[in-house]
Protein chains: 2
Amino acid sequence: MICTDKNCFSPETVRRLAVYLQNFERLIKNGVDVVSSGQISKLLNVSPEQFRKDLSYFGEFGKRGVGYQTESLVYELKKILGLNQAWQVALVGVGRLGCALLNSQDFSELNVRITAAFDSDKKNIDKTVNGIHIHDIINFKKIIKQKKIRICVISVPLDHAQAVTDLAVESGIEAILNFAPVILNVPENIHVSNMDIYCELERLIFFLNK
Amino acid sequence: MICTDKNCFSPETVRRLAVYLQNFERLIKNGVDVVSSGQISKLLNVSPEQFRKDLSYFGEFGKRGVGYQTESLVYELKKILGLNQAWQVALVGVGRLGCALLNSQDFSELNVRITAAFDSDKKNIDKTVNGIHIHDIINFKKIIKQKKIRICVISVPLDHAQAVTDLAVESGIEAILNFAPVILNVPENIHVSNMDIYCELERLIFFLNK
DNA sequence: ATAACTTTGTTAATTATTTCACAAAATATA
DNA sequence: TATATTTTGTGAAATAATTAACAAAGTTAT
């Protein structure tokens with residue numbers, strides 16, 4: 001539960017806002033000017049009330065009798081999520097997954113970008129992947145401080161994940177996106193998000209199994 | 001909310017069960033025989049009550065005054081999640097991410113395995129990645145039926161994700177793990193789990209931004 | 001200009017999830 | 001053996017999140 005001056009909203013609201021943003025951006029590309037919460041509902045499997053309520057925590061963005069203007073909602077959602085400024089992201093671990101993540105970035109108007117990569121393997125250090133320089137992990141703290149980076153993606157093998165996390169925390173990183181299958185130990189002011197493919201597959205299997 | 005004969009539990013419970021399993025397996029490797037819910041709580045950032053209640057929906061697995069035997073809890077968790085049998089998984093899209101996923105599998109005692117990969121690019125078809133044959137997507141339905149595969153990972157580019165999903169559904173796939181940044185349209189009996197790195201990064205940014 | 005329709009924003013009601021509190025069971029100690 | 005201590009399992013209470021209901025605002029049709 002997250003509280004502002006007047007209202008309290010669920011952490012799930014934030015997750016959905018990012019989905020709304022993504023899909024409104026696509027709607028603009030498809031030439032859609034205006035959509036109603038009902039149409040969004042069908043598109044995103046979210047109830048229309050949910051959609052309206054999620055937005056209502058941050059202001060009034062629709063027009064009664066009409067719906068939501070895609071252009072202006074994208075602008076507002078970016079502002080809500082903090083995406084009206086550029087965010088640099090660091091990545092540690094340029095193995096296959098790390099490499100895939102570095103390459104997944106196109107050069108469009110993204111305001112969230114991996115701009116520094118780190119590895120401990122001499123074979124990778126000082127190479128470039130998709131235009132991003134791979135630094136020696138030895139220099140992590142220095143570069144993070146220099147570039148004022150606050151977010152770090154961890155894509156190292158399981159047994160290095162906690163050590164990298166400790167280094168990240170010590171270097172001033174405030175948010176971690178973790179791909180290693182382990183619950184990281186961090187101070188409580190650090191935000192962590194885990195992406196674990198096997199946990200997700202197991203979750204799906206649970207539902208198949210009934 | 002998921003209901004059995006007597007109790008109803010949250011979908012989050014299932015997600016946590018997979019995390020418990022993962023971590024109890026590690027505890028065994030580290031030579032730990034018995035742990036209490038209090039110890040687990042510190043390890044996994046889950047309240048001890050939460051942990052006990054999550055398990056209580058499925059039976060009594062601890063010993064009062066003592067705690068939980070790691071070996072037997074792993075056995076029980078696997079049974080609960082349906083992992084006491086082997087599950088084959090298909091993967092569509094052997095790009096960088098797909099390749100990383102195929103290579104992430106070691107040859108240990110995993111009972112969830114990607115056993116068939118598919119692509120539409122002639123350059124990839126009939127190659128082998130980490131021992132897994134890459135089939136022409138043309139043969140998807142045939143092979144899925146043949147191997148009786150029920151789960152599919154989608155790691156194709158955004159603009160192909162819905163077409164692949166439609167093919168998967170038509171082929172009898174019942175659960176999809178989707179890496180494409182799009183909400184897939186599926187019949188309501190199909191389970192979908194989305195892994196979207198940019199949504200996750202945006203969620204983290206929201207919290208940094210306050 | 002008026003009436004009929006649409007769609008938002010929001011309070012209240014409902015439903016879902018977590019936490020609390022404590023009895024029951026097991027162990028350790030004296 | 002009796003008492004103190006630990007820890008589980010669970011119904012009840014508290015908290016959180018979603019859904020329902022509807023007034024308010026805008027649009028369309030006549």
Side-chain angles (χ1 to χ4, degrees), chain A residues 1-20 24 27 32-73 76-77 80 203 206-207, chain B residues 1-20 24 27 32-73 76-77 80 188 203 206:
Chain A
M1 209 175 168
I2 303 140
C3 295
T4 55
D5 326 346
K6 285 185 182 167
N7 296 308
C8 292
F9 54 93
S10 134
E12 285 304 299
T13 290
V14 183
R15 184 165 267 128
R16 285 190 296 263
L17 290 175
V19 174
Y20 301 154
F24 270 78
L27 287 174
V32 179
D33 269 353
V34 177
V35 277
S36 69
S37 58
Q39 292 173 298
I40 283 299
S41 161
K42 278 164 204 155
L43 224 53
L44 306 186
N45 291 325
V46 171
S47 75
E49 299 84 5
Q50 182 78 269
F51 175 77
R52 297 203 301 271
K53 192 157 235 311
D54 283 339
L55 291 177
S56 79
Y57 296 118
F58 304 95
E60 300 192 8
F61 306 119
K63 204 172 182 184
R64 295 177 190 216
V66 182
Y68 299 83
Q69 186 116 31
T70 50
E71 287 274 10
S72 84
L73 196 63
E76 296 293 348
L77 282 169
I80 294 167
R203 201 171 71 84
F206 175 88
F207 294 111
Chain B
M1 208 179 169
I2 302 143
C3 294
T4 56
D5 326 347
K6 287 185 180 166
N7 296 309
C8 292
F9 53 93
S10 133
E12 286 303 299
T13 290
V14 182
R15 186 165 266 129
R16 285 189 297 261
L17 289 175
V19 174
Y20 300 155
F24 270 78
L27 287 174
V32 179
D33 270 351
V34 177
V35 277
S36 68
S37 59
Q39 293 173 297
I40 284 299
S41 160
K42 279 164 203 155
L43 224 52
L44 307 186
N45 291 325
V46 172
S47 77
E49 299 84 5
Q50 182 78 270
F51 175 76
R52 296 202 303 269
K53 199 162 233 314
D54 282 340
L55 291 177
S56 79
Y57 297 118
F58 304 94
E60 300 192 7
F61 306 119
K63 205 172 183 183
R64 294 174 190 218
V66 183
Y68 299 84
Q69 186 116 32
T70 51
E71 287 274 11
S72 84
L73 196 64
E76 296 294 346
L77 282 169
I80 294 166
E188 59 176 333
R203 202 171 69 83
F206 174 88

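The structure displayed is predicted, hence computed values, not measured ones. Below, chains carry the letters A, B, ... as their sequence lines are ordered, and counting in each starts from 1.
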What integer distance in Å separates [X]:[atom1] from [N]:[atom2]?
X	N	atom1	atom2	answer
B:E49	C:dA23	CD	P	16 Å
A:L55	C:dT8	CG	P	10 Å
A:Y57	C:dT8	OH	P	17 Å
A:K42	C:dT7	NZ	C1'	13 Å
A:F51	D:dA17	CZ	C1'	18 Å
B:Y20	D:dT8	OH	P	13 Å
B:Q69	D:dT8	CD	P	13 Å
A:F9	C:dT11	CZ	P	16 Å

| message | Between B:T70 and B:V32 (side chain of the first, backbone of the second, donor and acceptor by atom type, cut-off under 3.5 Å), is there such a pair? | response |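 Yes, B:T70 side chain to B:V32 backbone: donor-acceptor pair under 3.5 Å.
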Taking the side chain of [X] as its heavy atoms from C-beta onward, which of [options] lies nearest to it?
X	options	value
B:Y68	D:dT8, D:dT10, D:dT18	D:dT8
A:P11	D:dT8, D:dA17, C:dA12	D:dA17
A:K53	C:dA12, C:dT18, C:dT8	C:dA12

| said: Pick the closest DNA chain D nucleotide for A:R64 and for A:M1 by heavy atoms, then say which residue is nearer the 5' end. | reply: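 Checking each residue's closest nucleotide, the 5'-ward one belongs to A:M1.
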| Where each residue is assigned the nucleotide of DNA chain D containing its nearest heavy atom, which of B:S56 and B:Q39 is assigned the position nearer the 5′ end? |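 Checking each residue's closest nucleotide, the 5'-ward one belongs to B:Q39.
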Using a cut-off of less than 4.0 Å, is there contact between a side-chain N or O of [X] and OP1 or OP2 of [N]?
X	N	value
A:S10	D:dA16	no
B:S47	C:dT19	yes
B:K63	C:dT27	yes
A:Q50	D:dA17	no
B:R52	C:dT18	no

| Min side-chain heavy-atom separation B:L73-B:L55 under 4.5 Å |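 In short, these two side chains touch, coming nearer than 4.5 Å.
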| Taking side chain as C-beta onward, heavy atoms only, is B:F9 less than 4.5 Å from B:V14? |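 Of all side-chain heavy-atom pairs linking B:V14 with B:F9, at least one is under 4.5 Å.
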| Do B:E12 and B:R15 sit within salt-bridge range, that is, some charged N less than 4.0 Å from a carboxylate O? |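 Yes, B:E12 and B:R15 are salt-bridged.
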| Could you walk me through whether B:Y68 and B:F51 pass the ring-ring contact (aromatic ring centres under 6.0 Å, His included) check? | CA-CA 11 Å; B:Y68 299 84; B:F51 175 76; 5.1 Å; yes
| task | May I ask you to say what A:S37 touches in the nucleic acid, namely base, sugar-phosphate or nothing, with a heavy-atom cut-off under 4.0 Å? | result |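 It contacts sugar-phosphate atoms only.
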